[in-house]
Amino acid sequence: QVQLVESGGGLVQAGGSLRLSCAASGRIFSNRAMGWFRQAAGKEREFVAAINWNGGGTYYADSVKGRFTISRDNAENTMYLQMDSLKPEDTAVYSCAAAGSTWIVIKPHEYLYWGQGTQVTVSS
């Protein structure tokens with residue numbers, strides 16, 4: 001069983017930065033691809049970024065490419081999302097997820113474990 005706990009969300013002005021963390025329990029974190037998703041009020045869950053099992057590969061949604069950076073520390077069982085140049089449209093609940101594979105996947109159904117989420121609010 002893998003348990004995921006997000007932290008680092010909050011309120012920030014447009015143009016600011018936040019760093020989200022996803023702490024994972026369980027021995028199998030290092031063998032799984034991981035991802036970040038977000039869901040704004042009244043909208044469907046949206047893929048944000050993903051990273052493969054060893055951090056050697058990453059993939060981003062077009063909407064965040066060049067502004068967000070995903071990374072992981074397998075020794076600490078933790079994944080990160082550095083968010084820079086934040087925009088009001090980035091406002092959402094951000095959730096981390098652990099995939100059923102070692103390679104990058106981007107569909108929600110390909111992820112087996114989910115955290116509860118952390119709220120990110122960007123004011124204009």
Side-chain angles (χ1 to χ4, degrees):
Q1 189 75 10
V2 176
Q3 293 179 325
L4 305 173
V5 179
E6 302 94 339
S7 62
L11 173 64
V12 64
Q13 289 188 332
S17 298
L18 283 174
R19 189 193 196 202
L20 305 184
S21 298
C22 173
S25 64
R27 297 182 292 111
I28 56 178
F29 170 82
S30 60
N31 293 326
R32 295 183 183 273
M34 299 290 294
W36 286 99
F37 289 79
R38 67 187 182 186
Q39 188 166 17
K43 295 187 177 181
E44 293 189 354
R45 180 179 286 168
E46 174 188 24
F47 168 78
V48 175
I51 189 167
N52 74 337
W53 72 278
N54 67 356
T58 58
Y59 185 78
Y60 299 90
D62 287 344
S63 58
V64 306
K65 198 174 297 181
R67 301 188 297 121
F68 290 11
T69 304
I70 189 171
S71 62
R72 67 189 295 164
D73 183 340
N74 284 355
E76 297 294 330
N77 285 348
T78 304
M79 177 179 65
Y80 304 97
L81 185 68
Q82 177 66 42
M83 304 186 296
D84 299 319
S85 302
L86 282 162
K87 304 175 181 180
E89 52 263 44
D90 294 319
T91 295
V93 174
Y94 284 71
S95 299
C96 64
S101 64
T102 58
W103 58 88
I104 289 171
V105 290
I106 65 172
K107 301 295 185 182
H109 73 266
E110 295 172 300
Y111 286 81
L112 302 183
Y113 304 99
W114 292 83
Q116 291 297 311
T118 185
Q119 176 71 46
V120 171
T121 302
V122 184
S123 63
S124 57

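In this chain, residues are counted from 1 in sequence order.
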Would you find a donor on one side and an acceptor on the other, under 3.5 Å apart, between the side chain of [X] and the backbone of [Y]?
X     : Y      : result
Thr78 : Glu76  : yes
Asn52 : Gly55  : yes
Arg32 : Thr102 : no

Just so I know, are the side chains of [X] and [Y] near enough to count as touching, which here means a heavy-atom distance under 4.5 Å?
X     : Y      : result
Met34 : Cys22  : yes
Thr91 : Gln119 : yes
Glu44 : Pro108 : no
Ile70 : Tyr80  : no

Stepwise side-chain contact (heavy atoms from CB on, under 4.5 Å) check, Val48 with Leu81: CA-CA 10 Å; Val48 175; Leu81 185 68; 4.2 Å; yes

Euclidean distance, Lys107 NZ relative to Arg45 CZ, rounded to 0.5 Å: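 The distance works out to 13.5 Å.
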
Spatial distance of atom OG (Ser21) from atom CZ (Arg72) [nearest 0.5 Å]: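 Between atom OG of Ser21 and atom CZ of Arg72 there are 13.5 Å.
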
Within 6.0 Å of NZ in Lys43, more than 12 heavy atoms from elsewhere: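 No.
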
Within 6.0 Å of CD in Glu89, more than 12 heavy atoms from elsewhere: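 Check passes, neighbour count above 12.
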
Ring pair (Phe, Tyr, Trp, His ring centres under 6.0 Å) contacts touching residues 17-46 (sequence neighbours left out):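 For residues 17-46, and leaving out neighbouring residues, the ring pair (Phe, Tyr, Trp, His ring centres under 6.0 Å) pairs sorted by first residue read Phe37-Phe47, Phe37-Tyr111, Phe37-Trp114.
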
Evaluation steps, side-chain contact (heavy atoms from CB on, under 4.5 Å), between Trp53 and Ile104: CA-CA 8 Å; Trp53 72 278; Ile104 289 171; over 6 Å; no

Verify same cluster id: Tyr60, Ile106 (apolar side-chain graph, 4.5 Å):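 No; Ile106 is not reachable from Tyr60 via cluster members.
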
Single-linkage hydrophobic cluster, 4.5 Å side-chain cutoff, Leu112 and Leu4 together: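 Yes: a chain of side-chain contacts under 4.5 Å links Leu112 to Leu4.
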
Can you list, pair by pair, the side-chain donor-acceptor contacts under 3.5 Å of residues 5-20, counting residues two or more places apart and other chains?
| from | atom 1 | to | atom 2 | distance (Å) |
| --- | --- | --- | --- | --- |
| Glu6 | OE1 | Gln116 | N | 3.2 |
| Glu6 | OE1 | Gly117 | N | 2.8 |
| Glu6 | OE2 | Cys96 | N | 2.9 |
| Glu6 | OE2 | Gly117 | N | 3.2 |
| Ser17 | OG | Asp84 | OD1 | 2.7 |

Salt bridge present between Asp90 and Lys87 (N-O < 4.0 angstrom):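 Salt bridge between Asp90 and Lys87, a charged N being under 4.0 Å from a carboxylate O: no.
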
